[in-house]
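Working notes, beginning with the structure itself.
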Amino acid sequence: MISSGIAYLLLFLTLLFFGWLGLKSSGGKSPDNDDFLSARGSQNWIMIGLSLFASGMGIWILFGPSEVGYYGGFYDVFGYALSSATPFLLLAYLGPLIRNITPDGVTLADYVRQKMGRPMQLYVGIISIIYMFTFMFAEYIAIGRAVEFLSGIDFLIPIVYVAIVTTFYTVIGGLPVSIKTDRIQSLFIIWLIFCVILFIFGEGVSDILNDAKAYNPEDDWSIGSISDYSTFEGGLALVLAITAAEMFSQGNWQRTWASRDNEALQKGAFLASALCFIAVLLFGFLGTVAAGRGALSDPSIAFFELIRNYSEPVLAMFLVLGVALVCSSIDTLQNAVIAVVSRDLTDSKLDIVQAKYVAVAMAPVAIFLAWFYADEALSVFRIFLVADLFAAATVLPIFLSLSDRVTANGGLVGAIFGLISVVIYGAYTSDLGTGIDYLTNPVNEYGLANLDVFLSALIGSALVTIIVSEIENSQS
């Protein structure tokens, strides 16, 4: 464990560095509204790729994948890794189409407004806020747990300081500053991956592989083995769930318009996809290693259990890298919240200064919830699944609107029916209470993502979108 004095020093110095970097990148002056929200047409493919990678790889990477590996084994992890890569592959394909249709856009809901009207724009904006707020809440929990585990510092302290620093440079410089800090943070993350490979596999590749192949000898809920193929279904559920949800991460869409051109967007998205796949697969694999060594009281910290006995300098390095991880995601979320509030929720009636106040006000709420649930060891992975389900019910109606035959009412009714489909599925297979419970707990009996629940949301929303649209088309 790191001594508290050294941990405080590293925490403050790391945050001071990112605060200074953000201030320096802004040049001491605030950009105009459009540049603040979109950094329109300013970034080459390398910057877009590194920025998408850094903003997507928050400190959840140290918790979620290894927990999935502990419970679900390697093939569930493979699905998790694939689900982290597929949103960027879709962005490479859909981004240029949507960018061409809505050249002055900032968020996905700007496109939705143009194709499907104000009600659907508002609905998509609300879903986006729910997802991004959940992401922010989960990131605060994760950095609190990480620092507390590594140093014994109170859970709440790193959360508060991270919120203060990221909010400081976000409201000053907006998206341009976030992208510039992402460049440094992405290098931190790549260094983290390199160090994990060096240290963990330095213990002996054969021993690591043997632990990964072994079944957990003490925990009946943990499959956690690279030899078990039974969790393929859970892995596929994650691909559907997380891919759908990430399409509502407005930070990704902001970078769509920040790209210099469509080629820069596509190449950058491919770069981010490859890096994210490697990162999630690595940390998820380590969860199977931890499972092979025995039961854990809190599987969400499986990765940290593997490094528990490392020397203080190595643990100190992981603390610094953890802070870099959380800053890279939180500043992206804060920028995206400002964009959604100012454009989508208020129909551009809220000026940028007022939107900044809203983003600042959200931070204490997320901090309070992180503190409130701290003692209940709330699963970071489980937090995401609820937001993923709401996104899964909405994503197909949006992208079906690329066809001119899909109507505004069809998309809105389809998105709402996607959630109703989940309740219907639960009522059909069990009872109404189960169906309603799936809306806040979309997992199977093993605690893994429930494939049938997510398929219900996707299929139900798509079918009703098409049916309602065709009815309206036939009447016109």
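Counting begins at 1 with the first residue of the sequence.
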Subject >> Polar side-chain atom of S273 near backbone of A85 as donor-acceptor pair, under 3.5 Å >> reply: yes
Original post:
Who pairs with P87 by side chain to side chain contact (heavy atoms under 4.5 Å, CB included), at least two apart in sequence or on another chain?
Top reply: T243, E246, M247
Original post:
Where is the tightest heavy-atom contact between I101 and Q114, given as atom of each residue plus distance?
Top reply: O-NE2, 3.0 Å
**OP:** Please tell me if the side chains of P158 and V323 come closer than 4.5 Å, counting only heavy atoms from C-beta onward.
**Re:** no
Subject >> Non-neighbouring partners of R405 that pass salt bridge (Lys or Arg N to Asp or Glu O under 4.0 Å), sequence neighbours left out >> reply: E470
Original post:
If you round to the nearest 0.5 Å, how far is CG of L50 from CD1 of I190?
Top reply: 6.0 Å
**OP:** Could you tell me whether the side chain of S66 and the main chain of F63 form a donor-acceptor pair under 3.5 Å?
**Re:** yes
Original post:
What is the ring orientation for F283 with F303, classed by angle as parallel under 30°, tilted 30 to 60°, or perpendicular over 60°?
Top reply: perpendicular
**OP:** Check whether any side-chain heavy atom of R118 sits under 4.5 Å from a side-chain heavy atom of L122, and report yes or no.
**Re:** yes
Subject >> Within residues 83-94 or reaching into it, pairs that qualify as salt bridge (charged side-chain N to carboxylate O under 4.0 Å, His left out) - sequence neighbours excluded >> reply: none
Original post:
Heavy-atom count around Y169 OH within 6.0 Å, excluding the residue itself: above 12?
Top reply: yes
Original post:
Cut-off 3.5 Å, side chains only: do Q254 and N335 have a donor facing an acceptor?
Top reply: no
Original post:
With no hydrogens and no angle check, is any side-chain donor or acceptor of S328 less than 3.5 Å from a backbone partner on G58?
Top reply: no
**OP:** Let me see the working for F417 and V468 under side chain to side chain contact (heavy atoms under 4.5 Å, CB included), right down to the final yes or no.
**Re:** CA-CA 11 Å; F417 191 81; V468 173; over 6 Å; no
Original post:
Are the side chains of T465 and L396 in touch, meaning some heavy atoms are under 4.5 Å apart?
Top reply: no
Subject >> Crowding at OH, Y357 (>12 non-hydrogen neighbours, <6.0 Å) >> reply: no
Subject >> Closest non-hydrogen atom pair between F188 and A324, with its separation >> reply: CD2-CB, 3.6 Å
**OP:** Nearest 0.5 Å please: distance from the CG atom of L21 over to the SG atom of C327.
**Re:** 10.5 Å
Original post:
Just how far is it from atom CG of L275 to atom CE of M57, taken to the nearest 0.5 Å?
Top reply: 9.5 Å
Original post:
Is there a side-chain contact between P65 and W60 (heavy atoms, below 4.5 Å)?
Top reply: yes
Subject >> Nearest-0.5 Å distance that lies between atom CH2 in W371 and atom CG in D154 >> reply: 11.0 Å
Original post:
So which heavy atom on L37 is nearest to which on S342, and how close?
Top reply: CD1-OG, 3.9 Å
**OP:** Keeping to residues at least two apart or across chains, list the salt bridge (charged side-chain N to carboxylate O under 4.0 Å, His left out) pairs with something in residues 319-334.
**Re:** none
Original post:
Does D452 have any salt bridge (Lys or Arg N to Asp or Glu O under 4.0 Å) partners at least two apart in sequence or in another chain, and if so, which?
Top reply: none
Original post:
Between L265 and W257, is any pair of side-chain heavy atoms under 4.5 Å apart?
Top reply: no
Original post:
Atom CD1 in I126, atom CG in D344: separation rounded to 0.5 Å?
Top reply: 10.5 Å
**OP:** Mind listing the closest non-hydrogen atom pair of W253 and I98 along with its distance?
**Re:** CH2-CD1, 3.6 Å
Subject >> Pairs satisfying salt bridge (charged side-chain N to carboxylate O under 4.0 Å, His left out), at least one member in residues 97-116, at least two apart >> reply: D110-R343, R113-D347, K115-D404
Original post:
What pairs with S401 under side chain to side chain donor-acceptor pair (under 3.5 Å), at least two apart in sequence or on another chain?
Top reply: Y111
Subject >> With sequence neighbours excluded, residues passing salt bridge (Lys or Arg N to Asp or Glu O under 4.0 Å) with D34 >> reply: R40
Original post:
Heavy atoms, side chains only, cut-off 4.5 Å: are F53 and L271 in contact?
Top reply: no
Original post:
Between L192 and L62, is a side chain to side chain contact (heavy atoms under 4.5 Å, CB included) present by the stated rule, with each step listed?
Top reply: CA-CA 10 Å; L192 170 64; L62 303 183; 4.0 Å; yes
Name each donor-acceptor pair under 3.5 Å that joins a side chain in residues 159-166 to protein atoms two or more places apart or in another chain, with its distance.
{"unit_1": "T166", "atom_1": "OG1", "unit_2": "V162", "atom_2": "O", "d": "2.8"}
{"unit_1": "T166", "atom_1": "OG1", "unit_2": "A163", "atom_2": "O", "d": "3.4"}
{"unit_1": "T166", "atom_1": "OG1", "unit_2": "Q334", "atom_2": "OE1", "d": "3.4"}

Original post:
Is there a side-chain contact between V395 and S461, using heavy atoms and a 4.5 Å cut-off?
Top reply: no
**OP:** Could you pull out the closest heavy-atom pair between A258 and L175, with the gap in Å?
**Re:** CB-CD2, 4.4 Å
Original post:
Taking only residues two or more places apart in sequence, or in another chain, which ones meet K180 in a side chain to side chain contact (heavy atoms under 4.5 Å, CB included)?
Top reply: S25
Original post:
Can you check side chain to side chain contact (heavy atoms under 4.5 Å, CB included) on F88 and N252, steps first, answer last?
Top reply: CA-CA 8 Å; F88 298 119; N252 293 344; 3.9 Å; yes
Subject >> Non-neighbouring partners of A92 that pass side chain to side chain contact (heavy atoms under 4.5 Å, CB included), sequence neighbours left out >> reply: Q266, A269, F270
Subject >> P176 to A39 - nearest heavy-atom pair and separation >> reply: CG-CB, 3.9 Å
**OP:** Find out whether I338 and F36 are in side-chain contact, i.e. whether some heavy atom of one side chain is under 4.5 Å from a heavy atom of the other.
**Re:** yes
**OP:** Could you check T107 against S128 for side chain to side chain contact (heavy atoms under 4.5 Å, CB included), going step by step and ending with a plain yes or no?
**Re:** CA-CA 10 Å; T107 69; S128 298; over 6 Å; no
Original post:
Taking it one step at a time, do F304 and F149 satisfy ring-ring contact (aromatic ring centres under 6.0 Å, His included)?
Top reply: CA-CA 8 Å; F304 292 93; F149 182 90; 5.7 Å; yes
Original post:
Below 6.0 angstrom between ring centroids: does that apply to F285 and F78?
Top reply: no
Subject >> Sequence-distant partners of D182, salt bridge (Lys or Arg N to Asp or Glu O under 4.0 Å), two or more places apart >> reply: R255
Original post:
Just how far is it from atom CG of L333 to atom OG of S178, taken to the nearest 0.5 Å?
Top reply: 9.0 Å
**OP:** Examine distances only and state if a side-chain atom of Q250 and a backbone atom of A339 form a donor-acceptor pair shorter than 3.5 Å.
**Re:** no
